Amino acid sequence: MRTAPTILHLDMDAFYASAEQAAKPSLRGKAVVVGGLGPRGVVATASYEARRFGVHSAMPMGQARRLAPNAAYLVPRFGLYREVSEQVMGLLRQLSPLVEPLSLDEAFVDLEAGGVADDEASARAVGERLRADILRVTGLTGSVGLAVSKMLAKIASEEAKPDGLVLIVPGTERALLGPMPVRVLPGVGPATGDHLRRAGIATVEELAEAGEDELVRLLGKAHGGALYAMALARDERPVVAERDTKSVSVEDTYDVDIHDRVRVRMEVARLADRCVQRLRAAGHSGRTIVLKVRRFDFSTLTRSETLRGPTDDPAVVREAAARLLESVDTTGGVRLLGVGVSGLADFTQEDLFAQAHAVLQTESLAPGAEEEEAAAVPVAAVAEEGGPDAASGPGDAVGEPVVPAERRWPAGHDVRHAVYGPGWVQGSGLGRVTVRFETPDSVPGRVRTFRTDDPELEPSDPLPLVVADAGASAQREDAEGEPVGQETQETPEAASVGRETSDGEGGALPMVEGAG
């Protein structure tokens with residue numbers, strides 16, 4: 001193990017929620033919860049203001065709403081998070097060629113390999129400079145831990161939260177770890193923690209005192225031996241620059257159980273297409289198709305099929321996923337579906353067997369099934385755009401006008417109005433969508449309510465969190481400090497919905513429940 005604290009761990013502070021607060025001036029300093037907003041949604045990230053109410057990641061969204069009813073509840077914007085993550089990872093790669101990303105907002109860096117630090121003073125200076133650079137480039141804060149090993153650096157960054165830096169001085173590791181709970185060590189989850197607690201082991205010091213033989217007896221040779229080494233502050237794991245992707249998958253949890261077998265097939269086909277999109281974006285192909293089904297009683301079934309060669313053909317993946325679905329009983333209802341591809345490769349070999357199977361299957365369809373199969377194509381296409389319930393079925397009369405599906409406006413997502421400019425969806429429902437018009441560099445904006453089918457309102461891409469031109473903000477405000485082009489007078493239809501026009505006093509944000 002090295003003798004200088006030159007392994008750095010960066011963890012962005014409440015990343016998703018902080019990005020939303022940076023993008024939305026009216027939410028700064030307020031409780032923000034990001035996650036799935038449906039009845040079965042879970043919290044992805046909660047701002048520190050929301051955490052004071054007891055809200056935390058992985059909590060059911062219904063419980064979060066009970067704890068913090070006045071918080072702003074937003075649907076994740078992963079496109080924005082990925083853009084910011086790329087900026088942060090770019091700063092890390094300037095420090096060292098050995099950067100090991102763990103997620104969008106977390107990574108290890110080997111400073112010694114980059115030649116930028118070789119002792120405590122230089123490591124601390126690099127860490128402080130990194131925090132300043134992240135704030136300058138993204139407008140967000142991150143916490144930094146510095147230590148002689150990955151395990152200790154991660155513990156240090158956790159101690160540094162929020163927006164701090166902790167350096168563990170070499171030689172003090174065991175004294176620091178001793179009183180900490182065993183759950184602080186990698187590999188100790190709820191089950192292992194309970195098992196150790198029943199054996200009278202609650203802290204890292206007690207773990208070390210138990211001895212390796214006792215831990216091997218309790219947890220097995222591999223796990224027990226590894227935990228004993230970590231309890232003694234030993235961690236030889238290197239920072240690995242490139243992690244091999246083992247699989248690519250997508251899954252959806254449904255607010256209401258799906259019972260209709262046709263709808264289930266349609267959802268599986270849609271998920272297969274999304275999975276292939278991710279597969280291609282990563283430059284991979286794969287041999288093994290995996291189907292995941294969680295039924296009404298929470299039982300989870302996984303089925304897989306290995307093809308003769310790697311593929312990134314959406315038709316092949318759809319066909320394989322459909323074949324796997326035939327072996328699963330979904331009559332009681334389905335609450336979650338997922339499609340994945342594993343056995344990845346960076347090349348594609350045409351799966352002739354799978355394609356031949358698909359051709360044979362099509363040729364052997366029962367009379368009349370060809371029309372049903374053909375009709376299913378536009379159904380899937382409509383479902384992808386407007387939701388499965390908005391799709392037209394195969395029985396629709398030919399030549400009848402198709403009624404466009406009602407546009408969905410997820411809470412927190414970006415929009416642009418032809419008159420009022422950029423803003424974000426504060427809430428939607430009952431045929432109305434409420435928009436707050438503000439930008440990352442403006443003052444807290446005003447809200448207006450529109451019909452969901454208003455032709456002047458369109459979804460838009462996220463705006464940068466940090467504006468390159470510092471003078472741009474001043475140009476958007478008039479002499480009184482009000483944003484130009486944002487009227488304070490409400491229209492009759494907006495007033496009928498009932499919402500505030502400003503939250504300058506820091507009051508709770510009104511959130512309209514519904515389709516968003």
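Computed from a predicted model, the values in this text were never measured in an experiment. We use all heavy atoms of the structure for the numbers below, so side chains are in, but hydrogens, waters and symmetry mates are not.
Between F450 and H417, a ring centre-to-centre spacing shorter than 6.0 Å is recorded.
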Start with the C-alpha distance between W424 and E438, add both sets of side-chain angles, then the distance that settles side-chain hydrogen bond (donor to acceptor under 3.5 Å, both in side chains), and finish with yes or no. CA-CA 8 Å; W424 58 276; E438 60 186 4; 2.7 Å; yes
Determine whether V290 and S342 satisfy the following criterion, side-chain contact (heavy atoms from CB on, under 4.5 Å), listing intermediate values before the conclusion. CA-CA 8 Å; V290 181; S342 60; 4.2 Å; yes
If you apply the rule side-chain contact (heavy atoms from CB on, under 4.5 Å), what do you find for R295 with L301, and how did you get there? CA-CA 8 Å; R295 299 189 290 192; L301 304 177; 3.6 Å; yes
Output, in order, the C-alpha distance, side-chain angles, deciding distance and verdict of salt bridge (Lys or Arg N to Asp or Glu O under 4.0 Å) for E236 and R2. CA-CA 9 Å; E236 300 288 350; R2 62 188 69 193; over 6 Å; no
Apply salt bridge (Lys or Arg N to Asp or Glu O under 4.0 Å) to the pair D454 and R451, showing each step before the final yes or no. CA-CA 5 Å; D454 191 318; R451 292 188 301 273; 5.4 Å; no
For the pair E100 and K150, evaluate salt bridge (Lys or Arg N to Asp or Glu O under 4.0 Å) and give the outcome as yes or no after the intermediate values. CA-CA 10 Å; E100 181 178 341; K150 290 168 69 173; 2.8 Å; yes
side-chain contact (heavy atoms from CB on, under 4.5 Å) for V43 and M61? Distances and angles first, verdict last. CA-CA 6 Å; V43 175; M61 191 60 74; 4.1 Å; yes
Pair R278, D312 - check salt bridge (Lys or Arg N to Asp or Glu O under 4.0 Å), show working. CA-CA 10 Å; R278 290 191 181 183; D312 63 355; over 6 Å; no
Pair V239, V109 - check side-chain contact (heavy atoms from CB on, under 4.5 Å), show working. CA-CA 7 Å; V239 176; V109 185; over 6 Å; no
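Of the possible polar contacts, none joining the R131 side chain to the T141 backbone as a donor-acceptor pair under 3.5 Å is found. In this structure, the side chain of T138 engages the main chain of I134 through a donor-acceptor pair within 3.5 Å. Panel note: side chain W409, backbone T452; a donor-acceptor pair is recorded below 3.5 Å. Of the possible donor and acceptor atoms, one in the side chain of K30 sits under 3.5 Å from a partner among the backbone N and O of S26. In this structure, the side chain of T306 does not engage the main chain of T288 through any donor-acceptor pair within 3.5 Å. Looking at S57, its side chain does come within 3.5 Å of a backbone N or O of A44 through a donor-acceptor pair. Under the 3.5 Å distance criterion, the side-chain polar atoms of Q426 are left unmatched by any main-chain donor or acceptor of R436. Between the side chain of D13 and the backbone N or O of D163 there is at least one donor-acceptor pair closer than 3.5 Å. Side-chain atoms of R416 do not come within 3.5 Å of backbone N or O of G423 as any donor-acceptor pair. Using modelled atom types, one side-chain atom of R28 and one backbone atom of Q21 make a donor-acceptor pair closer than 3.5 Å.
Minimum heavy-atom separation, L324 to L291: C-CD2, 3.8 Å. Residues L465 and P440 share a closest heavy-atom pair of O-CB, 3.7 Å. For A153 against F108, the heavy-atom pair with the smallest separation is CB-CE2, 4.5 Å. The nearest pair of heavy atoms linking G35 to P76 is O-CD, 3.4 Å. Here the closest non-hydrogen pair linking S157 and S143 is O-CB, 3.7 Å. Taking both residues in full, the closest heavy atoms of L219 and H223 are given as O-CB, 3.7 Å, listed atom of the first, atom of the second, then distance.
Residues Y254 and E267 have side chains in contact (heavy-atom distance under 4.5 Å, counting atoms from C-beta outward). In this structure the side chain of L337 reaches within 4.5 angstrom of the side chain of V268, judged on heavy atoms. Between M89 and S85 the shortest side-chain heavy-atom distance falls below 4.5 Å. Counting heavy atoms from C-beta outward, L27 and L74 have side chains that approach closer than 4.5 Å. Inter-residue side-chain proximity for V341 and I289 is flagged as met; some heavy-atom pair is nearer than 4.5 Å. V32 places none of its side-chain heavy atoms less than 4.5 Å from the side chain of E49. By the 4.5 Å heavy-atom criterion applied to side chains, L92 and L10 are counted as neighbours. Side-chain contact check for L325 versus V264: some heavy-atom pair is nearer than 4.5 Å.
Rounding to the nearest 0.5 Å gives a distance of 6.5 Å between CG of L227 and CG of L185. Note that CG of D313 is 10.5 Å distant from CG of L307, once rounded to the nearest 0.5 Å. Atom OG of S249 and atom CG of L279 lie 11.0 Å apart (nearest 0.5 Å). With rounding to the nearest 0.5 Å, the separation of CZ in F78 from OH in Y16 is 4.5 Å. Between D273 atom CG and R318 atom CZ the span is 4.5 Å, to the nearest 0.5 Å. In this structure, CD on Q94 lies 10.0 Å from CZ on R129, to the nearest 0.5 angstrom.
Between T330 and R261, the side chains place a donor N or O and an acceptor N or O closer than 3.5 Å (distance only, hydrogens not considered). With hydrogens and angles left out, the side-chain atoms of S428 and R432 include no donor and acceptor closer than 3.5 Å.
The side-chain hydrogen bond (donor to acceptor under 3.5 Å, both in side chains) check on E106 picks up H9, K154, with sequence neighbours excluded.
A salt bridge does not link E326 to R323: none of the charged side-chain nitrogens sits closer than 4.0 Å to a carboxylate oxygen.
A side chain to side chain contact (heavy atoms under 4.5 Å, CB included) with V34 holds for exactly one of F15, Y73, Y81; it is Y81. Each of R40, R294, R274 was evaluated against D252; a single residue qualifies, R274, per the salt bridge (charged side-chain N to carboxylate O under 4.0 Å, His left out) test.
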